[in-house]
Amino acid sequence: MATITAPGRLQTSTCANRYAGQQGCRLEGKFTCKDCFLVSYCGPVCQKAHWVDHKRDCKSPLSKSTWQPRWALEHRTPAFVGGSLQVSFGGRKFLWGNMPAFDLVNLGSNEGMYYTGHLKLLFGASGDLRNVVKTVAFLPEDFHGKVFVTLNNRDFTIVARNIIMLLVIFTSQELNETVTSVIHLWYSAFIKDSHIGLLNDRVRPLVEAVCEKIGAKAPGSTLGKTWMFGSRSLRVVLRKEEWLLLPSYLQVPHSWPKSRPQEIRTACTVAEERRDYRERRMLSQSPFHRLCIDKFRRDGILMPFGSPREEFSTPNPTIFEETGGWPMKDSADPFDGWDLGEILQVYHGPAKNDIYGKLHCFLTNTLSRFCGRVSKLETHFELLNVGAESLPDYLKDRTFSRIEVSNVSDAGYIGIAKTLQIFRRLLDSPHDNPHATLVTLFMNAVDETANARQDVESVKAEMTQLMKYLPPSGVPLWNGDPGLMNTSLARPLVRDAENLFDRYMETHRFKEAENHFDVKMKEPHTIIEKWPTRLKLRHGEQGWEDEFKTKHSSDHSGSERYVEWKRID
């Protein structure tokens, strides 16, 4: 991998006119459609030529401030009324993060910006690469220590995708090719032939060489392979069966008709029986953001709004499964794994309403920084595919400066006591590193406590507070009133989450766990704020309206709570 000396430049839009020449106009889009601010053009000639195509989007009913969900137009009760609002639809895999990425190291608030030691990081239930990417990308430029990163997940599809994307990064020589390929392998349902060519030329030979060598090994054997790339390495430890399955994530199923992959995807992402649920979510979006979201649900390609899609015709083999069926929930969205507020601040040329274009720019910059740091630092990655309970058996006597375990500590998974029992022994002692931290996430704790102990007075208090942010336009005339539905969607943002989480900690005996496992909850936090998705500004404070709109339009409830832990012996 070539040394990359600087992060990639944030991209601006190219001209959206796809009818100029064989590959469309390649000039920079310096001017935008003033009606939608979604697409950019090099000038009026291209804008006029493209109008026949762009008109459908620019004049879409979704882009109107007067838009109403179908159930309101038909004056019927929406499908989600009377049942659980959290009913899921589609597959059960979480291939994209569902909490904003954060920097697990944050040297400035811990060891210090001029720390010269090494970093040992464990992502015990890693999910996708987002937290790894953000952590390494934002290491100080003056940091030159070794970085050891161990990623584990029990879902082999997640592990396989992480292996493939890291191999793309380690084996590629050209920055733009690397970053673009990883973005689409990560988030796009369809990719270019050139991306498949890169997998076949760079990744497949490495994987198949391992598969050839282990053919005679006993079933169930655990086998490790370390690839060296100069002073950097990537080690993968899998059972024989997983090694032999890994090449299938590089191969597009040949038996499918050409139209089959998109039919599989849209049968989930735009299913007619889920229209009410989709449109309920759209109530909190601004008009042209609704249009962007609808476009991504329909074509599944993470590109600026006006970019041509014709070359993205190959099903992404790391996402599609040969058995059929879309592997993720219909609500899964790339935005869920990143800070929406940060993304909306990204400059994307004059197309200021193109939120997926902004996300593409944001990812380009972040991945460029990540590749730049990896190319210059001595980094050693290790990937495992085991349950969290089994990690101590694989890691033996190793300990780590930072451990992040996602929300395995939620009561619905292994719970806080079991989490501390497993990961406390893997954390550096305070004698070796007083800044060593275990980070746990509780995504469901507040909701579970609220549902179990909901009372009339708390509901009244929440609604009174919410009326400040979303004042009613009139008295709801029926239980399907869109304004009422939108208000209901925003209620968790004003919930007394602190009090509810205190109740949760008491119920699940956090204090007893501290004493039993010789750990302590950190005060204050030094890695990630306790409530990263909640409202920070009060009604009336400068900027409160923009913050509320951003938080309300995201898919996070504001009730997600992190807890940091340290050893006390």
Side-chain angles (χ1 to χ4, degrees), residues 88 90-102 104 121-136 149-170 181-189 191 199 203 207 222 224-225 234-239 241-251 265 268 300 302 315-323 325-329 331-338 363 367 370 381-391 394 403-410 412-414 441 443:
S88 63
R92 296 181 177 272
K93 291 186 180 293
F94 293 87
L95 305 188
W96 303 333
N98 55 4
M99 278 293 288
F102 69 94
L104 182 61
L121 314 177
L122 170 61
F123 297 84
S126 68
D128 64 10
L129 290 173
R130 72 195 188 287
N131 286 334
V132 177
V133 167
K134 185 154 189 177
T135 299
V136 176
V149 181
T150 300
L151 296 97
N152 173 67
N153 203 278
R154 67 180 181 178
D155 187 326
F156 179 66
T157 298
I158 291 173
V159 176
R161 281 166 48 83
N162 290 344
I163 292 169
I164 290 167
M165 283 184 265
L166 286 172
L167 282 174
V168 168
I169 289 169
F170 275 116
S181 299
V182 170
I183 287 174
H184 292 299
L185 287 169
W186 197 339
Y187 291 118
S188 291
I191 57 179
L199 295 181
V203 179
V207 173
T222 298
K225 168 63 180 178
L234 174 61
R235 178 170 176 78
V236 176
V237 180
L238 300 172
R239 293 188 311 147
E241 289 77 6
E242 274 70 51
W243 273 114
L244 297 179
L245 185 60
L246 187 54
S248 68
Y249 289 88
L250 303 167
Q251 180 65 55
R265 182 180 176 278
C268 174
L302 183 51
N316 185 340
T318 75
I319 295 181
F320 281 98
E321 299 174 335
E322 191 164 9
T323 54
W326 185 243
M328 292 178 276
K329 295 191 298 182
S331 60
D333 192 283
F335 274 99
D336 296 344
W338 303 95
L363 291 172
L367 281 166
F370 175 77
F381 287 80
E382 179 180 22
L383 283 86
L384 304 171
N385 175 214
V386 299
E389 299 93 330
S390 302
L391 270 175
Y394 284 83
I403 302 176
E404 187 266 323
V405 296
S406 187
N407 67 320
V408 300
S409 50
D410 259 330
Y413 292 96
I414 66 176
L441 168 64
M443 291 191 69

> Going through the checks in order, is the side-chain contact (heavy atoms from CB on, under 4.5 Å) test met by Leu383 and Leu238?
CA-CA 8 Å; Leu383 283 86; Leu238 300 172; over 6 Å; no
> How many angstroms lie between atom CG of Asn152 and atom CG of Leu122, to the nearest 0.5 angstrom?
7.5 Å
> Using a 3.5 Å distance criterion without hydrogens, assess whether the side chain of Trp96 forms a donor-acceptor pair with backbone atoms of Trp186.
yes
> When rounded to the nearest 0.5 angstrom, what distance separates CG in Asn162 from CG in Leu167?
11.0 Å
> Other residues, nucleotides and ligands only: do more than 12 of their heavy atoms fall within 6.0 Å of CZ on Arg235?
yes
> Does Asn131 use its side chain to pair, donor to acceptor, with the backbone of Ser126 at less than 3.5 Å?
no
> Heavy atoms only: give me the nearest Cys268-Gly90 pair and the separation to one decimal.
SG-CA, 3.7 Å
> Decide, yes or no, whether a salt bridge links Asp128 with Arg161 under the criterion of side-chain N to carboxylate O below 4.0 Å.
no
> How far does CD1 of Ile191 sit from OG1 of Thr318, to the nearest 0.5 angstrom?
7.0 Å
> So do Met443 and Asn98 actually touch side chain to side chain, heavy atoms under 4.5 Å?
yes
> Taking the ring of Phe156 and the ring of Tyr249, is the distance between their centroids below 6.0 Å?
yes
> When Phe381 is tested against each of Val236, Thr150, Ile169, Leu166 for side chain to side chain contact (heavy atoms under 4.5 Å, CB included), which residue passes?
Leu166
> Any idea which heavy atoms bring Trp338 and Pro334 closest together, and the distance?
CD1-O, 3.3 Å
> Is it true that a side-chain atom of Glu242 and a backbone atom of Leu244 form a donor plus acceptor pair closer than 3.5 Å?
no
> Just by distance, do the side chain of Asp410 and the backbone of Gly412 share a donor-acceptor pair under 3.5 Å?
no
> Where do Glu382 and Val237 land on the side-chain contact (heavy atoms from CB on, under 4.5 Å) test, with the steps shown first?
CA-CA 8 Å; Glu382 179 180 22; Val237 180; 4.0 Å; yes
> Please check this pair: side chain of Asn385 against backbone of Asn153, looking for a donor-acceptor N/O pair closer than 3.5 Å.
yes
> Is the shortest side-chain heavy-atom distance between Leu121 and Val132 below 4.5 Å?
no
> Considering all heavy atoms of both residues, which atom of Arg130 and which atom of Met99 are nearest to each other, and what is their separation?
NE-O, 2.8 Å
> Report yes if the side chains of Leu250 and Pro317 come closer than 4.5 Å at any heavy-atom pair, otherwise no.
no
> What's the separation between atom CG in Leu391 and atom CZ in Arg154, rounded to the nearest 0.5 Å?
12.0 Å
> Does the side chain of Lys134 reach to within under 4.5 Å of the side chain of Phe370, using non-hydrogen atoms?
no
> What distance separates Ile319 CD1 from Tyr187 OH, expressed to the nearest 0.5 Å?
10.5 Å
> Within this structure, what is the OG1-CZ distance for the pair Thr135 and Phe102, rounded to the nearest 0.5 Å?
7.0 Å
> Write down the atom of Gly127, the atom of Ile158, and the distance for their closest heavy-atom approach.
O-CG2, 3.2 Å
> Would you name the heavy atoms of Lys93 and Glu321 that are closest together and state the gap between them?
CE-OE2, 3.0 Å
> Please tell me if the side chains of Thr222 and Tyr394 come closer than 4.5 Å, counting only heavy atoms from C-beta onward.
yes
> Which heavy atom in Leu367 sits nearest to a heavy atom in Ile183, and how many Å separate them?
CD1-CG1, 3.6 Å
> Do Leu129 and Leu151 make a side-chain contact, defined as non-hydrogen atoms from C-beta onward lying under 4.5 Å apart?
yes
> Leu185 versus Leu199: any side-chain heavy-atom pair under 4.5 Å?
yes
> Find out whether Pro327 and Thr157 are in side-chain contact, i.e. whether some heavy atom of one side chain is under 4.5 Å from a heavy atom of the other.
no
